[in-house]
Amino acid sequence: MLETVLDIFDNFWVALGAKLLLVALLIPLIGMVIGFAEIKLSAKMQARMGPYFAGGRWGWAQLIADGIKFFQKEDIIPDNADRPVFKTAPMLVLVGTVALFVVIPFGPGLIFRDLSVGIFYALAISSLSTIGVLMAGWSSANKYSLIGGLRAAGQLIAYELPLVLAAVGSVIMAGTMSMSGIVEAQITAGYPYVIFQFVGFGIFMVAALAELTRIPFDMPIAESELVMGYLTEYSGFRFLFFFLAEFANMFTMSAIAATLFLGGYWLPGIPTETLEFVGPVILLAKVFLLAFAMIWFRWTFPRFREDQLQTLAWKWLIPLALANIGATAFFKVVL
Amino acid sequence: MSTYFESYLTVGAFAALGVVLVLVMLGVASVLRPNKPNPGKQLTYECGVDPVGAGWSQTYVRYYVYGLLFLIFDVEAVFIFPWAINVERLGVFGLVEMLVFIAILVLGLVYAIRKKVLRWE
């Protein structure tokens, strides 16, 4: 019986439909889980009231209340705004987010589609949101939005490079760009790549934090100087989509970092036959550990200044990433 | 249908889902949310006072230099990836070639830093 049910998924179109349905449910779920983690941890670190007492216990009602609030907010588009561009911007940001899920390996064979250029594709599609952010900043016809959008563009392209170049180290070691191929190479090698790629891992995490425009790299939406940057004119659900994309991107960026450097769905010592079942759990554990660190950083570090941000990327991270590539290739060829 | 085509059809479908997700959720919300426009509400936000001048005012976009630098290094990244997969096969020759290539581009970065285009004054 089960066999015949599963046979239906051999059809490409049925499988595609199921995958789309799955990811459409997965993204709001991830947004809620990480959003809840964020408000709970923020409350813990800053003694905020709501997330402790909303709903009576554990603050479970806080996120639901937030969701209902967004549902009933009026959708305001300023008269001066460039309406078509204003409306397209959140879509473009979410397109990049959803498309990133295609190549994340949750377990052996548990991947939406194993593209042969996996990691290259992931890094390319993640920069799509840059265009969305710039569109949001420009179309709002607001000075804060424009400055925020330009800052975001400058920041995202500066940290795109360390992100891409840090990933090259793992690609050299694995000899493949396929995401599940990189995990399999780590299983064959018997150690996660972070042991030799700790420089690459560090650069990747710093750059990922900057790509997500999270504190300490949140100059594009610095509320003390730019109100809310490129998000200033957005309200209600359109506003929510940028946050959904941010939380989902925290997940995907952490998943990519875990896959490239921490062994993905595999842990040393776990027998490979059981990976189909424990694999997703291991990956999720690693992802949430990294996401926890990102939230933790948010309440630990003060915001950078704009020129410090650019200096860090161009004078430190990019040369360091290039040196890392050279050293990795040297050891791969010579040893 | 070839696997290649199926792969990128999946990518296309996922990308389309991003658009559909926004449209569906906005559609659902449009049933629930109020809609009472008035001129004050539709005004551009500028800390509570009426906006001064146009939103698209002229600014000095400092980031164009970074844009130029980015173009150079991003193309470099595109060249590095195919080499990265074949490092072992290409051996010492490939390694030296790539190091020369990277060195030339780093020279460009050093030049930009020496010219102080990355400094803010």
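Just so we're on the same page: letters track the sequence lines, and every chain starts at 1. Only a predicted model underlies this, so the values are computations on that prediction, with no experimental measurement involved.
Residue contact with chain A, scored on non-hydrogen atoms closer than 4.5 Å, involves the backbone and the side chain of Val19(B) alike. For Tyr121(A), the part lying near chain B is the side chain, with the backbone staying farther off; criterion is any non-hydrogen pair under 4.5 Å. Looking at Ser139(A), only its backbone comes within 4.5 Å of chain B, counting heavy atoms on both sides. Contact of Val117(A) with chain B is made through the side chain alone, with heavy-atom distances under 4.5 Å. In this structure, chain B has a heavy atom under 4.5 Å from the side chain of Ile76(A), while its backbone stays farther away. In this structure, chain B has a heavy atom under 4.5 Å from the backbone of Ile77(A), while its side chain stays farther away. Within the 4.5 angstrom heavy-atom criterion, only backbone atoms of Lys73(A) (N, CA, C, O) approach chain B. Leu20(A) touches chain B through backbone and side chain together, each having a heavy atom under 4.5 Å away. Looking at Glu233(A), the atoms closer than 4.5 Å to chain B (heavy atoms on both sides) all sit in the side chain, from C-beta outward.
Other residues, nucleotides and ligands contribute at most 12 non-hydrogen atoms within 6.0 Å of the CZ atom of Phe330(A). By the neighbour-count criterion of 12 heavy atoms within 6.0 Å, atom CZ of Phe101(B) is densely surrounded, having more than that number from other residues, nucleotides or ligands.
Across all their heavy atoms, Glu74(A) and Lys36(B) have their closest contact at OE2-N, 3.0 Å. Residues Val333(A) and Gly91(B) come closest through the heavy atom pair CG1-C, 3.7 Å. In this structure, Leu21(B) and Ala24(A) approach most closely via the heavy-atom pair CD1-CB, 4.0 Å. A pairwise comparison of heavy atoms in Ala329(A) and Trp83(B) identifies CB-CH2, 3.5 Å as the closest pair. When all heavy atoms of Gly18(B) and Leu94(A) are compared, the closest pair comes out as O-CD2, 3.8 Å. Closest approach of Leu109(B) to Pro319(A), counting heavy atoms only: CD2-CG, 4.1 Å.
Considering CZ of Phe70(A) and CG of Leu32(B), their distance stands at 15.0 Å, rounded to 0.5 Å. Annotation: the span from Leu95(B) atom CG to Ile172(A) atom CD1 amounts to 9.0 Å, rounded to 0.5 Å. The distance from atom CE of Met98(B) to atom CD1 of Ile325(A), rounded to the nearest 0.5 Å, is 8.5 Å. Note that CD1 of Ile85(B) and OG of Ser116(A) are 8.5 Å apart. Values are rounded to the nearest 0.5 Å. Interatomic distance, CZ of Phe81(B) versus CG of Leu165(A), reported as 8.0 Å (0.5 Å rounding). Note that the CG atom of Leu322(A) and the CG atom of Leu105(B) stand 8.5 Å from one another [nearest 0.5 Å].
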task: Quick one: do Val11(B) and Arg113(A) satisfy side-chain contact (heavy atoms from CB on, under 4.5 Å)? Show the steps, please.
output: CA-CA 8 Å; Val11(B) 170; Arg113(A) 193 82 206 186; over 6 Å; no

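The candidate from Asp75(A), Leu100(A), Leu16(A), Ile125(A) with the greatest count of non-hydrogen atom pairs under 4.5 Å with chain B is Asp75(A). Comparing Trp314(A), Phe112(A), Tyr144(A) by heavy-atom pairs within less than 4.5 Å of chain B, the highest count is held by Trp314(A). Put simply, of Leu123(A), Ile157(A), Ile147(A), the one with the most heavy-atom pairs under 4.5 Å next to chain B is Ile157(A). Between chain B and the options Ala99(A), Gly175(A), Gly154(A), the largest number of non-hydrogen pairs under 4.5 Å is found for Gly175(A). Ranked by heavy-atom pairs under 4.5 Å with chain A, the first of Leu99(B), Leu90(B), Leu69(B), Val110(B) is Leu69(B).
The shortest distance between side-chain heavy atoms of Phe73(B) and Val164(A) does not fall below 4.5 Å. A heavy-atom distance below 4.5 Å is not found between the side chains of Val22(B) and Arg238(A). Residues Val78(B) and Phe120(A) meet the side-chain proximity criterion, which asks for heavy atoms closer than 4.5 Å.
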